[in-house]
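Structure first, commentary second.
All residue numbers refer to positions in the sequence shown, counting from 1. Every heavy atom of this structure was used, including side-chain atoms; hydrogens, water molecules and symmetry mates were not. Both counts, for ligands and for their atoms, begin at 1 and track the order of listing.
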Amino acid sequence: MSAVIEEATRIARQFEYSPEEVQRGVKEYIREVEEGLSEEGTTLSQIPTFVTSVPNGTEKGLYLAVDLGGTNFRVCSIDLHGNHTFSLTQSKIMIPREMMTSGSAKELFLFLARQIESFLRIHHNEHFEAHLKRKIAGTAREEDLFDLGFTFSFPVRQLGINKGTLIRWTKGFDIPDAVGQDVCALLQEAIDELNLPVRVAALVNDTVGTLMARSYTSPGETGTFLGAIFGTGTNGAYVEKLNKITKMAKIEHSDYDKSTGEMIINAEWGSFDNHLSVLPTTEYDRQLDADSNNPGIQMFEKRVSGMFLGEILRLVLLDLHKSQGLFKPASGSDVFIPESSSLYRQWGIDTSLLSIVEADKSKDLEQVKSALKDHLKVERASENDCKAVQTVVHAIGKRAARLAAVPIAATLISTGKLKEELVDIGVDGSLVEFYPNFEGYLREAMREVPEVGEAGDKKVRIGISKDGSGVGAALIALVASKEGAKPQL
Ligand code: GLC
């Protein structure tokens, strides 16, 4: 075996995540669930969302939704048809990197409101103009406002259905003056400054949106139990019994409907086990965390989600490059990688590279070779190099998918959900959608948890829930609009 493959294999072994570790992870997760439901400021936030029921597919109406949570900002209008289907119009814009890290909260929210304005001008101009005329004439009416669901996929201390203060930024965002502020009020303020006919009716985490969207569209009678994202970040939301959320008594909050006896909890599982009592840790995980803008936080997410898997891979490849001459030419030939290669840039590797590399089952690894060229400007990678890369990618991706089983299995166990015939789970995100066999590895690890076992395979239905952040947000805006609250500024 060539030295580079041998070393890649040795590193890959460090990413193995055994059945015993999965089981220990599940135990610790259940402990953190209990803790998070009873206290504030715990590692697993277990945020009450004030959404107390899931849809059944008969909901109707036209709503706006916006989504801030990763690389893009999306604005959409959603027409819920009331028969499990909907139509959606949307626009998407990339958030300028400077805006994510060096702007002020005011600049960011005005930028968002401007995108809503241009969306309305393009797709709902008549309504917009009519509102402006009425506003000038002093006859503007509350009922002419669009209700908007604001998908804001960061940890928020939620105080009501459309009220919540930002706890901390994640996924590369860092705008310090927004922390501690009510993000719905910030958005409403910017919207009002531009005179838009829009009321921010609901604050929604993308996982809650995913859960709601899946429940609206999913076949059969069973309401959805859990919504999970495995994309740029990772997180989950699930239906919890109200009487188990004992910290509600300690939280200052607005009124909500208690009749269902349930509430959706946003777990913020990206921060599961920040103290690293059970999570597997390699030297690459350590380095990634130390170089990140939030060391010691989102430790689970840093081992599982798209934003970080590329960076783990990059650190391993750099190591192999230095120690074993990966991507280095045989003596005398040209240099393979230019300095501008994203191999040398922090966060330079996108998860899509991992998905392509993992998918190549050919003998000569032609797709790996051309992906290395496209993504990293590596010219003429040797077959051994390609094999070494694939070995490492496989190990990183498989560990992520097996880790992903931990919060899902633990939530199923802690809620007693496995006693039921069928449990429906909605998932979304680039990893679960595009990384080959992500669900397969996840299910394999779930089977290794004795309380889930083989039976889990039949009981647990996992379905992709596209556009959760649009449709789901619209559904929550619908519920909230009945309550008629306007964010207080
Ligand atoms: C991060 C955010 C969380 C979000 C997840 C998926 O973990 O903190 O709120 O749900 O990413 O986008």
Side-chain angles (χ1 to χ4, degrees), residues 29 32 36 42-49 51 65-74 92 95 100 149-158 164-175 178-179 183-184 202-214 226-238 264-274 279 288-289 292-294 296-311 347 351 400 403-404 406-408 411 425-433 435 438 464-470 472-473 476:
Y29 193 94
E32 292 186 21
T42 48
T43 179
L44 207 56
S45 299
Q46 296 287 89
I47 302 167
T49 62
V51 179
V66 295
D67 176 9
L68 180 74
T71 23
N72 295 307
F73 180 63
R74 283 204 317 157
K92 198 153 95 172
I95 303 169
M100 290 164 69
F150 180 19
T151 301
F152 182 77
S153 303
F154 300 94
V156 159
R157 178 160 297 116
Q158 203 151 352
T165 55
L166 176 62
I167 300 173
R168 60 177 179 274
W169 289 108
T170 52
K171 298 177 286 195
F173 276 79
D174 189 14
I175 304 168
V179 175
V183 291
C184 281
L203 177 59
V204 183
N205 185 265
D206 53 357
T207 56
V208 185
T210 299
L211 199 168
M212 298 292 274
R214 169 79 187 167
L226 188 143
I229 302 279
F230 299 103
T232 307
T234 181
N235 185 18
Y238 72 102
I264 297 177
I265 289 284
N266 164 15
E268 283 297 330
W269 70 40
S271 262
F272 164 53
D273 196 33
N274 276 346
L279 286 177
L288 176 146
D289 183 50
S292 71
N293 63 8
N294 56 355
I297 295 173
Q298 303 292 104
M299 299 306 254
F300 180 74
E301 184 162 82
K302 283 174 178 158
R303 285 150 177 77
V304 173
S305 77
M307 172 160 175
F308 303 99
L309 296 191
E311 182 62 7
W347 313 121
T351 353
L403 276 165
V406 169
I408 298 184
T411 310
I425 295 182
V427 291
D428 196 7
S430 50
L431 266 182
V432 61
E433 208 179 342
Y435 191 85
F438 192 86
I464 292 274
S465 170
K466 286 290 330 149
D467 285 322
S469 57
I476 301 174

Heavy-atom side-chain contact between Val204 and Ser469 under 4.5 Å: no

Ligand 1 atoms in contact with Asn235 (distance to a heavy atom under 4.0 Å): 3 (C), 4 (C), 5 (C), 9 (O), 10 (O)

Plane angle bin for Tyr435 and Phe438 - parallel if under 30°, tilted between 30 and 60°, otherwise perpendicular: perpendicular

Whether Gly69 lies under 4.0 Å from ligand 1, heavy atom: no

Test salt bridge (Lys or Arg N to Asp or Glu O under 4.0 Å) applied to Lys302 and Glu311, step by step: CA-CA 9 Å; Lys302 283 174 178 158; Glu311 182 62 7; over 6 Å; no

Which of the ligand 1 atoms, numbered from 1, are nearer than 4.0 Å to a heavy atom of Thr170: 1 (C), 2 (C), 8 (O)

Considering all heavy atoms, the nearest Gly470-Ala65 contact: O-CB, 3.6 Å

Nearest non-hydrogen protein atom, atom 10 (O) of ligand 1: Asp206 OD1, 2.6 Å

Lys171/Glu301 salt bridge by N-O under 4.0 Å criterion: no

With Glu268, the side-chain contact (heavy atoms from CB on, under 4.5 Å) member among Leu44, Thr207, Val156, Asn235: Asn235

Gap separating the CG atom of Leu403 from the OG atom of Ser305, nearest 0.5 angstrom: 11.5 Å

For Gln298, atoms of ligand 1 separated by under 4.0 Å from a heavy atom: 7 (O), 8 (O)

Closest to atom 9 (O) of ligand 1 (judged by heavy-atom distance), picking from Arg168, Glu301, Glu268, Met307: Glu268

Close approach of Ser153 to ligand 1, heavy atoms, under 4.0 angstrom: yes

Closest approach of any protein heavy atom to atom 11 (O) of ligand 1, naming residue and atom: Lys171 NZ, 3.0 Å

Thr232, portion touching ligand 1 at heavy-atom distance under 4.0 Å: neither

